[in-house]
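Heads up: numbering here begins at 1 and tracks the sequence.
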Amino acid sequence: MEAAPFASPPSSSFKTPSISSSSSLISLSKNFSRNHLPSKFKSPRNLSVRASNDDSVVTLLDYGAGNVRSVRNAIRHLGFQIKDVQTPRDILNARRLIFPGVGAFAPAMDVLNNTGMGEALCTYIQNDRPFLGICLGLQLLFESSEENGPVGGLGLIPGVVGRFDSSNGFRVPHIGWNALQITKDSEILDDIGNRHVYFVHSYRAMPSNENKEWISSTCNYGDEFIASVRKGKVHAVQFHPEKSGDVGLSVLRRFLLPKSSLTEKRTERKASKLAKRVIACLDVRTNDEGDLVVTKGDQYDVREHAEKNEVRNLGKPVELAGNYYKDGADEVSFLNITGFRDFPLGDLPMLQVLRCASENVFVPLTVGGGIRDFTDSNDRYYSSLEVASEYFRSGADKISIGSDAVHAAEEYLKTKVKTGKSSIEQISRVYGNQAVVVSIDPRRVYLNDPSDVEFKSIRLTNPGPKGEEYAWYQCTINGGREGRPIGAYELAKAVEELGAGEILLNCIDCDGQGKGFDIDLIKMISDAVSIPVIASSGAGAVEHFSDVFSKTNASAALAAGIFHRKEVPIRSVKEHLLKEGIEVRI
């Protein structure tokens, strides 16, 4: 997962930043060197490796960027304790070391160079000590990267890390569950079998004659790229085992307990390519008693139409998230529809929801709502970047921006200038575009003549209530309560340019109706952008999922009410998609 912040500590003593230090990471990350190509590390003559004797302890190199909480939770879930790296000596003394890569290549190398960690890491690896690198933790082992570069790496594996080529129609970032082609005995991949693992990245290393002795598996996404490496006790993976469900936990277990017996091989359908994702969405708000509940709107109205007019209560967010993970959801999305404007940032109720959910949910978590600049009741100002940072450190893998993205897109289309100040630009610059989802909430405006408006309109499959053949999709803010002078097409194109990595495409007209997704809208937007699009609003039957995947270029489909009310289980959706020949994760 590229492009998270790495702060270069002021001295050689490296300390893992706490959540409260995220603002200093943000400010320091702006100053890293982007175009410096250091020479390869040489083994330091005065550094020696001395492993600790505690089998229950895992040493973790956490540099304070992005969502490392999920790796911590996975390690603890497997029964191990964690020792955080404080100094280079902690690396050398580690019995086993995990380097979870959530960040950008250049600032990561700055941290390793400025703290002495690079020399210690090279010595540790060259002495064939047990090592597992994750995502960026794999990429840094190579000679260099083109990300904001060229930037020199540790130089342990020949090759250059380059960006995916989107010109061949493949969407970048590469987000989702894909298949591995295992090329040699890797030990840690022994339990994967035919199953998918979760990737989220824009850069990759390519196989070559010079690095083929390292490669343990590859993955195909436009081109064949390196998915994992192994030499002796040194392992690294491009995918995220901590976000790959049970199969990912098996990878971590294999690394931590290399002599453990094999689990029973499954005989399910063989994973062959990037799967379409099925996402469970939880709209979270306070009810009239002040409790956090999962609710669901009918065209964005979340109150029961009864005498008491209460907020519709469909369950508790952490409990439901855990259930959907067990049922096979590929991702879980939390949408905070209560403002919490008076809360200090550290006390926001959604942070605790994320912390608790991430303890037992090992698939990606997205949180949306309230990602904006705000001032709390104590007159403390928070930037949208600070808010996002707090969510990431609490367990979120992606954040979803709604109303703030509309304002940013309007300003960009008006001025044609990227100021770097919008929430999309700030967060994507620091955490990477794959971490930024823009949620679009449009409603249909019917037309007799498409030339009546300046915005992109389409011919409808089903005419409007008065026989109108055309419509444009007006974007809204504030939960659909306010229309804006911008269309969904124009907004999608603008936010992609500003740095969004994914679009969550809703439709107010279809919300809660159960009559299917708005295929006309989803096709228009998914054809217009090169980033993944998540279809949302309107699912009421399993056929609606195959419909949207077969008729549009949507990468994922999201539903809420039909899952909450147990009308259509996630497993039934996936079984139907398999029968229709659509690749899904089982």
Side-chain angles (χ1 to χ4, degrees), residues 278-305 309-325 327 329-341 348-354 356-357 361 363-372 391 395-405 437-443 476-481 502-514 517-518 534-540 556-568 570:
V278 178
I279 301 174
C281 180
L282 289 77
D283 293 339
V284 181
R285 66 157 291 163
T286 54
N287 62 13
D288 296 328
E289 287 74 43
D291 300 319
L292 275 185
V293 299
V294 174
T295 188
K296 182 64 188 81
D298 181 350
Q299 295 188 328
Y300 289 27
D301 180 3
V302 299
R303 292 192 174 271
E304 299 281 9
H305 295 287
N309 197 33
E310 294 177 327
V311 171
R312 195 172 289 117
N313 184 350
L314 297 174
K316 297 182 178 180
V318 174
E319 180 182 345
L320 280 178
N323 291 340
Y324 292 142
Y325 167 61
D327 288 345
D330 297 313
E331 296 181 20
V332 176
S333 179
F334 294 102
L335 178 59
N336 166 25
I337 56 177
T338 300
F340 299 123
R341 290 176 175 81
L348 286 173
M350 283 302 298
L351 296 176
Q352 189 59 30
V353 169
L354 282 169
C356 293
V361 176
V363 294
L365 300 176
T366 301
V367 63
I371 311 296
R372 68 197 189 297
Y391 280 126
D397 300 284
K398 297 184 280 188
I399 56 92
S400 178
I401 305 173
S403 298
D404 210 46
V437 182
V438 167
S439 179
I440 303 179
D441 297 316
R443 66 169 77 247
T476 68
I477 59 174
N478 299 328
R481 292 185 296 273
E502 198 166 27
I503 288 173
L504 171 57
L505 187 58
N506 307 290
C507 179
I508 295 175
D509 305 88
C510 296
D511 182 61
Q513 303 304 295
F517 299 99
D518 190 324
I534 303 169
S536 176
S537 304
L558 174 149
I562 60 169
F563 296 153
H564 304 334
R565 294 186 292 266
K566 297 181 171 53
E567 295 168 355
V568 179
I570 293 171

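The closest donor-acceptor contact from the side chain of Ser403 to the backbone of Asn478 lies under 3.5 Å. At distances below 3.5 Å, not a single donor-acceptor pair connects side-chain atoms of Asp283 with backbone N or O atoms of Leu335. Checked by atom type and distance alone, the side chain of Tyr391 never pairs as donor or acceptor with a backbone atom of Gly368 at under 3.5 Å. A distance-only check finds a donor-acceptor pair linking the side chain of Ser537 to the backbone of Cys507 [under 3.5 Å]. In terms of modelled atom types and a separation under 3.5 Å, the side chain of Gln513 and the main chain of Asp511 share a donor-acceptor contact.
Taken from CD1 in Ile279 to CD1 in Ile534, the straight-line distance is 4.0 Å, to the nearest 0.5 Å. To the nearest 0.5 Å, atoms CZ (Phe563) and CG (Asp327) are separated by 9.0 Å. Here Cys281 contributes atom SG and Glu331 contributes atom CD; the two are 11.5 Å apart, rounded to the nearest 0.5 Å. Ile570 contributes atom CD1, which lies 12.5 Å from atom OH of Tyr325 (distance to the nearest 0.5 angstrom). To the nearest 0.5 Å, atom CD1 of residue Ile401 and atom CD1 of residue Ile440 are 12.0 Å apart. Ile508 contributes atom CD1, which lies 10.5 Å from atom CZ of Arg481 (distance to the nearest 0.5 angstrom).
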Check step by step if side chain to side chain contact (heavy atoms under 4.5 Å, CB included) holds for Asn506 and Ser439. CA-CA 7 Å; Asn506 307 290; Ser439 179; 3.0 Å; yes
Given side chain to side chain contact (heavy atoms under 4.5 Å, CB included), test Leu354 with Val367 step by step and report yes or no. CA-CA 8 Å; Leu354 282 169; Val367 63; 4.1 Å; yes
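With contacts defined as side-chain heavy-atom distances shorter than 4.5 Å, the pair Val332/Leu282 qualifies. Using a 4.5 Å cut-off on side-chain heavy atoms (C-beta onward), Leu504 and Leu558 make contact.
Residues Tyr324 and Ala280 approach most closely at CD1-CB, 3.7 Å, considering heavy atoms. Taking each heavy atom of Arg443 and Asp509 in turn, the nearest pair found is CA-OD1, 3.2 Å. The shortest non-hydrogen separation linking Val568 to Gly540 is CG2-O, 3.9 Å. Between Val284 and Met350, the shortest heavy-atom contact is CG1-SD, 3.8 Å. Across Val363 and Asp397, no two heavy atoms sit closer than the pair O-OD2, 4.2 Å.
Of the options Thr366, Leu320, Leu365, a side chain to side chain contact (heavy atoms under 4.5 Å, CB included) to Phe334 is made by Leu365 and by none of the others.
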